[in-house]
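In what follows, every chain begins at residue 1, and chains take the letters A, B, ... in the order their sequences are listed.
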Amino acid sequence: MPLRKAQAPNPNFIQCKGCKKTLFVADFEANLRVCPNCDHHHRLTWQQRVEVTFDINSFTELDADLYSGDPLQFPEYEEKYLQAQTKSGMKDSLVTGTGTIDGQLISAAIADFHFMGGSMGSVNGEKVARALERGVELQCPVVIFCASGGARMQEGLLSLMQMAKTTAAVDKCRQNGIPYIAVFTDPTMAGVLASYASIADVILAEPKALIGFAGARVSAQAQVLKIPDDFQTAEFVLRSGMLDRIVHRKEMKATLGNLCSILGHRLTAGAKS
Amino acid sequence: MANSWKEWEKPVLDLEEGVSKLKALADKETDAIKREALETRIEEFEKRIENFLEVRYSRLGPWEQVLLARADPRPYTLDYIQTLFTDFTELDGDRRYGADHAIVAGPARFNGQSVIIVGHQKGRNIQERAQRNFAMAKPEGYRKAIRMFEMAERFRMPVITFIDTPAADPGVESESRGISEAIAASMLKMFELTVPIVSVVIGEGGSGGAIGIAIANRVLMQEHSVYSVIPPEGCAAILWRDPAKKAQAAAALKLTSDSALELGLVEQVLKEPFGGAHRNPAEAAQIVRDAITTHLTELQKLTGEQLRQHRYDRFRAFGHVLGP
């Protein structure tokens, strides 16, 4: 039942961003916000991600009170930041904490694209680093859900340094035998992709997620080569050998649980009793 | 607002050209009186150049710093390699896919000591620029760098990297061969090393492409170099949908060497000769040599594990985070 433009949107219906078909919200939600018609995986807020990933009521948010100053006094940053906070109820673009999957303890970070495009500034980078280090501290696997347009311009060079900082934290996990799994969700781009995201032990992605280093337009201008139709999608990146597996949202929890328990076989904490 | 270094320094460049023409004339002049007159003119011109530079360089804005960092005649990595090192042997292979000339690398001696050098390389003319891909490295460049870092570790050699790139290559090929993974893996490798690493930003420190080989114990910036998360043009286009606001963006991004020092993200700003490194490359190189020598000497007092930990602590501390 398509809605006419003039009408106020009916809260019971939603239009699929992929096939444009009108869907029942109840069906859509029950299907984990994946279109039952075309399988388009819609972006999730961090709360929705927690809900579809972790055991019920097992997630505890940590580092919740960290927020960014405006170190460069960048034009309009403070206003935009406050606006994003008010709109989302988040302090910054990424949430960290611990939760369980099938009873197994996991240190997690979940980026939320709705907050300033999931951009990585000082707080985002700090929380990613803490989530990775927490894996070492708690002796449990680390899972990071990526969703980001890249580094946050408004924090300038400090944002660029988060690429290094988060990479350093991945190194800590590697030294200590802590498995780290990254999940690329739509979109995973630029500074995030070119740092901690791409050096996970295992990299999974949601179908059709946009994944790339440079904006598609930049790439198109930079090259006369014909661009593949699926350029910078999860499918293209999988074919390029840069990720390990595309996983349907319905299968994500089971896949993560399985990988964490197999790779984390030597870890004591959080093992299923 | 000037769009290039050439445009910005045009009055000086014109005067400099005039001087060289007058000098040629004076050399050929046999008449002593005429020659003296020419020499007076030359002196006048030189004084005007000096005044001009003094005025211009005393009020360099962030945008002018960007232009200067990108200036064609600035000494590039190979220029520094030639003056500061001996016995450099360039090694090309990434052992994976291909040769990338946007990054040069290889072993050499610095003050007689074996070291590994890795640096971005720009080109000065059209052919060189094409060959160097404007110093925009592809995955192969970073994978070659990784090989060099591994060799440095194996043979206990300090690493010195020179940073001078607008960005990593953003093309389709680079994407399909994993430019993001290559940059991340290169940073990771540098974190693993137990030998000293010193990086010097000599021109453009362009975002991921730059930091991919800049995970050092000490990061130094030449006075007129810049280091930024995004080029000012890109920032202006995204934030204000107007690439023409690049000067505002350059100011907002705080991408100058002074700002980086103030933010605590680099250890030292290296003074450049009056009028920029290109006006006296030998003096500029001497300053770079002294700085690298000092920092390497200090770093070599640390054990391998201390060096690795120091690098971790250095980058782990970066960020402006508030809250309990």
Side-chain angles (χ1 to χ4, degrees), chain A residues 63 65-69 71-72 74-76 91 121-123 125-126 129 151-165 167-172 174 190-191 193-199 212-215 218-220 222-223 225-228 231-232 236-237 239-242, chain B residues 136 167-185 187-188 190-192 205 207-212 214-215 227-230 234-235 238-240 248-249 251-255 259-260 263 265-266 308 311-324:
Chain A
D63 317 311
D65 296 323
L66 303 186
Y67 63 98
S68 175
L72 307 188
F74 197 98
E76 299 153 52
K91 285 269 189 336
S122 300
V123 172
E126 175 67 25
R152 186 175 296 163
M153 281 179 288
Q154 292 92 338
E155 290 183 31
L157 196 51
L158 283 161
S159 293
L160 188 69
M161 292 301 145
Q162 304 312 308
M163 289 176 65
K165 179 159 105 183
T167 299
V170 174
D171 186 31
K172 254 299 101 107
R174 289 190 166 206
L193 187 65
S195 60
Y196 68 90
S198 287
I199 43 174
F213 178 65
V218 176
S219 301
Q223 205 101 10
L225 273 184
K226 194 182 174 296
I227 293 186
F231 184 58
Q232 292 185 334
F236 170 85
V237 180
R239 215 167 56 236
S240 304
M242 293 301 142
Chain B
M136 297 192 294
D169 180 73
V172 176
E173 289 179 74
S174 286
E175 288 276 6
S176 54
R177 295 199 292 273
I179 184 66
S180 300
E181 190 274 344
I183 290 172
M187 288 195 289
L188 184 66
M190 293 182 90
F191 274 117
E192 289 171 4
S207 62
I211 201 165
I215 305 301
Y227 201 176
S228 183
V229 67
I230 185 169
C235 176
I238 294 171
L239 279 187
W240 301 307
Q248 278 115 296
L253 285 166
K254 302 260 194 316
L255 41 61
S259 297
L263 287 165
L265 304 178
V266 300
R308 184 178 184 172
R311 220 172 296 120
Y312 182 88
D313 294 340
R314 181 183 189 277
F315 286 93
R316 184 65 185 81
F318 289 161
H320 185 75
V321 177
L322 302 175

*asked:* Only pairs of heavy atoms separated by less than 4.5 Å count here; which of A:Gly212, A:Pro71, A:Ser195, A:Ala194 has the most with chain B?
replied: A:Ala194
*Contacts of A:Phe74 that satisfy ring-ring contact (aromatic ring centres under 6.0 Å, His included) - sequence neighbours left out*: none
*Checking A:Met242 against chain B: side chain, backbone, both or neither under 4.5 Å from a heavy atom?*
side chain
*Between B:Ala252, B:Ala317, B:Gly323, which has the largest tally of heavy atom pairs under 4.5 Å with chain A?*
B:Ala252
*What residue in B:Ala182, B:Gly178, B:Ala251, B:Ala184 has the most heavy-atom pairs under 4.5 Å with chain A?*
B:Ala184
*Per-residue contact mode, B:Ile230 against chain A (heavy atom under 4.5 angstrom)*: side chain
*asked:* Under 4.5 Å from any heavy atom of chain B, what part of A:Phe236 do you find: side chain, backbone, both or neither?
replied: side chain
*Return the minimal non-hydrogen interatomic distance between A:Lys172 and B:Tyr312, and the atom names on each side.*
CG-OH, 3.4 Å
*Heavy-atom proximity to chain B below 4.5 Å, by part of A:Gln162*: side chain
*Select, from A:Ala168, A:Gly156, A:Pro75, A:Gly121, the one with the greatest count of heavy-atom pairs under 4.5 Å involving chain B.*
A:Ala168
*Could you tell me whether a side-chain N or O of A:Glu155 sits under 3.5 Å from a main-chain N or O of A:Ser122, the two making a donor and an acceptor?*
yes
*Would you give the length of the straight line joining atom CD of B:Glu175 to atom CG of A:Leu193, rounded to the nearest 0.5 angstrom?*
7.5 Å
*Smallest separation among heavy atoms of A:Lys91 and A:Tyr67, with atom names*: CD-CB, 4.2 Å
*With a 4.5 angstrom heavy-atom cut-off, which part of B:Ser176 approaches chain A: side chain, backbone, both or neither?*
both
*If you tally heavy-atom pairs under 4.5 Å against chain B, which of A:Leu158, A:Asp63, A:Val123 wins?*
A:Leu158
*Please state whether the side chain, the backbone, both or neither of B:Ala167 comes within less than 4.5 Å of a heavy atom of chain A.*
neither
*What option among B:Cys235, B:Ala260, B:Ser207 has the most heavy-atom pairs under 4.5 Å with chain A?*
B:Ser207
_For chain A, the option from B:Glu181, B:Arg316, B:Gln248, B:Met187 that forms the most heavy-atom pairs under 4.5 Å_ = B:Arg316
*About how many Å separate CZ of B:Phe315 and CG of A:Asp171, when rounded to the nearest 0.5 Å?*
12.5 Å
*asked:* Between B:Arg314 and chain A, with a heavy-atom cut-off of 4.5 Å, which part of the residue counts as in contact: side chain, backbone, both or neither?
replied: neither
*asked:* If I measure from the heavy atoms of chain A, does B:Ile215 come under 4.5 Å with its side chain, its backbone, both, or neither?
replied: side chain
*Among B:Leu322, B:Ile238, B:Val321, B:Ile183, residue most engaged with chain A (heavy-atom pairs, under 4.5 Å)*: B:Leu322
*For the side chain of A:Lys165 and the backbone of A:Ala129, is there at least one donor-acceptor N/O pair under 3.5 Å apart?*
no
_Minimum-distance pair of heavy atoms, taken over all atoms of A:Leu157 and B:Ser228_ = CD1-N, 4.2 Å
*If every non-hydrogen atom of A:Ser159 is compared with every non-hydrogen atom of B:Val229, which pair is closest and at what distance?*
CB-CG2, 4.2 Å
*When heavy-atom pairs shorter than 4.5 Å are enumerated against chain A, which of B:Met136, B:Met190, B:Lys254 gives the highest number?*
B:Lys254
*Within the side chain of B:Ser174, is there an N or O that forms a donor-acceptor pair under 3.5 Å with the backbone of B:Pro170?*
no
*Who among A:Gly69, A:Ala197, A:Pro228 has the most heavy-atom pairs with chain B under 4.5 Å?*
A:Gly69
*Options A:Met163, A:Met153, A:Arg174, ranked by heavy-atom pairs under 4.5 Å with chain B, top entry*: A:Met153
*Derivation of the side chain to side chain contact (heavy atoms under 4.5 Å, CB included) call for A:Leu160 and B:Tyr227*: CA-CA 9 Å; A:Leu160 188 69; B:Tyr227 201 176; 3.6 Å; yes
_Portion of B:Ile179 that has a non-hydrogen atom of chain A nearer than 4.5 angstrom_ = side chain
*asked:* Quick one: does any side-chain atom of A:Gln154 pair with a main-chain N or O of A:Glu76 as donor and acceptor, under 3.5 Å?
replied: no
_Quick check on A:Arg239 against chain B: is it the side chain, the backbone, both or neither that has a heavy atom closer than 4.5 Å?_
neither
